[in-house]
Structure formats: C-alpha cells, structure tokens
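Let me begin by presenting the structure, written as structure tokens, before commenting on it.
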Amino acid sequence: MALCLKKRLPENNFYTEFNNTIRSFKTLLCFGLSQSSKKIWSLWGYMYNSPKKSHAERILLQTVESFFSENPAEAIKQYTLAIYISFSPCSKCCDSLIDFMRLHNRIHLDVRISKLYFPQNSLNQEGLKRLRLSGVSLRMMDRDDFSECFYLFVNQQKLFIPWCDLENETKKYSAALCYILNQVLVLEICYSHTYFFLGQWESSSKLGESR
DNA sequence: ATTTTCAAT
C-alpha cells in the first residue's frame, strides 16, 4: 500500500489527503518522472509514508534511484521530477532531496505542496529555504494545481470538484510559505548591506589614513 | 527535547 507505480489513485484518497482544510496524519505523494524534452512519463505513481519508518519522500527517492540504476542509459539525460505532495517536506527530507539533486544534477525538481508541515518549526523553515535556494521549484497548490493533479493521477474522465474554502487555505498557506522563504532574502539583504557599509567604512577610513 | 499534522486507537 505504501507504493503504487503506474496505477491511478483512488478518488477518495486524493480528496482526503490533498484537501487543504482537513488535518491528516499521513502523507500522500504523487510523482511523474519525465525527460525534460518529452511529456510522457518514464515513471509515475503515488506513495504514502510508511508509519514510523520512512517519510514519503524517502520512498520516492529510493524508487527513482532504482529506476536510474536499472536504466543507466537514462541517467545522463535531462529529467524533470514533478511532485505533488500533501505535506511539505520536513527539514531532513529537504536535505535528502537536495543531496539527491546534487548526485543527479540533470534532474530538475518541481514540488507542489497542499499543506505546510509544522511551518512554525524553524528547522522546517530552514529546510524549505535550502530547497528553494538549491533551485527547486516550490509552491503551494492552488485550484489549478489540484485540478491538474486530479486529472493526471486520479481520473481524466471526471472533473475535479473543489472543496469549500480551498482558495482561502491556499492563500493562507502561500502567504506563510512566502514569509518563510522571504526571511532568507531579508537576511541576505541585511548582510549584503552590512558588508556594503563595512566596505564603505573600510575604504573611507583607508582614504582618511592616506591623507 | 520542542511542538504532535509522515498516528494510534
């Protein structure tokens, strides 16, 4: 049950885990791995975390790793790994994703998140910042993303039915994510200004000395 | 050691 490859996701599972107004105690992850130049997935599926053992991201990375080790010719091509995940990765999983990307530097990660996982936890915040700074596309899922995820992984014949307050929650979560990610920028700007002013100060004091 | 939303009842 933890991992399902090349199988459609049951509709109920999609709605209960991706609904961003409902609390859940597990994580659902849908993914599609494709050559960046093509639209067809080489590998796709969905997975849950295995309770008390591994987060969903770990299972994903193991799955993708084994795909590339079984198909070594593919490992040299440009790939995109699209991820739709009900909870944002914790700090450790962020690092695992970053390590994975460094190992396979031809894979671009596109991560879409339904709900933030302990967003007040500073370690998780730092993890998300590192992920973004490593070049991963990272955003909260909006109505179109849920609809797309439903179309791709659940049912192409049926229409996605948005739940109540979907847009509100997306707004709140997006604002929170934006705040978390911007903390980096604010810090960096502060630092660069500090260095800038220090530089000014140093050079002006040297000028003063020479006079 | 710091939460309880990647459970346990």
Side-chain angles (χ1 to χ4, degrees), chain A residues 1-5 7-33 43-67 81-101 109-132 134 136-143 145-146 149-150 152-154 162-181 183-184:
Chain A
M1 182 54 190
L3 169 67
C4 286
L5 291 180
K7 278 186 188 171
R8 297 269 166 206
L9 173 67
E11 198 173 324
N12 282 343
N13 301 36
F14 171 85
Y15 281 115
T16 52
E17 300 307 329
F18 277 105
N19 186 318
N20 58 4
T21 66
I22 293 179
R23 291 192 172 189
S24 172
F25 295 87
K26 47 190 173 185
T27 298
L28 173 59
L29 185 158
C30 302
F31 79 99
L33 177 71
L43 187 67
W44 62 278
Y46 65 92
M47 59 208 53
Y48 285 91
N49 62 295
S50 69
K52 289 290 180 187
K53 282 186 188 167
S54 44
H55 282 184
E57 296 89 330
R58 172 179 295 275
I59 299 170
L60 169 73
L61 292 183
Q62 286 169 349
T63 306
V64 177
E65 288 281 8
S66 63
F67 169 80
L81 179 56
I83 297 173
Y84 301 80
I85 186 167
S86 62
F87 273 129
S88 58
C90 71
S91 58
K92 285 182 182 175
C93 287
C94 286
D95 287 333
S96 306
L97 289 168
I98 292 168
D99 290 343
F100 172 82
M101 286 180 62
L109 251 59
D110 186 5
V111 181
R112 299 175 203 188
I113 301 160
S114 173
K115 299 167 282 189
L116 288 175
Y117 180 70
F118 285 122
Q120 37 318 48
N121 180 315
S122 59
L123 291 178
N124 289 346
Q125 296 181 359
E126 294 303 321
L128 292 172
K129 290 176 198 169
R130 285 196 295 277
L131 206 55
R132 165 60 66 85
S134 304
V136 172
S137 308
L138 196 65
R139 70 160 188 264
M140 299 311 299
M141 291 171 75
D142 61 14
R143 187 188 164 126
D145 292 315
F146 289 118
C149 184
F150 184 89
L152 291 172
F153 293 95
V154 181
W163 47 86
C164 193
D165 272 342
L166 183 157
E167 261 113 1
N168 261 338
E169 288 303 305
T170 296
K171 264 187 200 170
K172 285 186 205 164
Y173 275 125
S174 296
L177 181 62
C178 194
Y179 175 77
I180 289 170
L181 297 177
Q183 285 177 323
V184 169

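Everything numeric in this text was worked out from a predicted model, so none of it was measured. Below, all heavy atoms of this structure are taken into account, side chains as well, without hydrogens, waters or symmetry copies.
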At under 4.0 Å, does any side-chain N or O of Lys115(A) touch on OP1 or OP2 of dC6(B)? no

Taking only the side-chain nitrogens and oxygens of Asn124(A), find out if one of them lies under 4.0 Å from OP1 or OP2 of dT3(B). no

Regarding Ser114(A), tell me which of base, sugar-phosphate or nothing describes its non-hydrogen contacts under 4.0 Å with the strands shown. nothing

Sorted by number, residues from residues 162-177 of chain A placing a heavy atom under 4.0 Å from DNA chain B are none

Atom-to-atom span, CG of Asn49(A) to P of dT4(B) - whole angstrom: 19 Å

Working for side chain to side chain contact (heavy atoms under 4.5 Å, CB included), residues Leu97(A) and Val136(A): CA-CA 9 Å; Leu97(A) 289 168; Val136(A) 172; 6.0 Å; no

Side chain to side chain contact (heavy atoms under 4.5 Å, CB included) between Tyr173(A) and Ser88(A): does it pass, once the steps are laid out? CA-CA 11 Å; Tyr173(A) 275 125; Ser88(A) 58; over 6 Å; no

Is there a residue in residues 54-61 of chain A whose heavy atoms reach under 4.0 Å of DNA chain B, and which residues are they? His55(A), Ala56(A), Glu57(A)

Greater than 12 external heavy atoms within 6.0 Å of Arg143(A)'s CZ: no

NZ of Lys26(A) versus P of dT9(B): gap in Å, rounded? 16 Å

Is the closest side-chain donor-acceptor distance between Thr21(A) and Glu169(A) under 3.5 Å? no

Side chains of Tyr46(A) and Asn13(A): do they bring a donor and an acceptor to under 3.5 Å? no

Rounded to whole angstroms, how far apart are CZ on Phe118(A) and C1' on dA7(B)? 11 Å

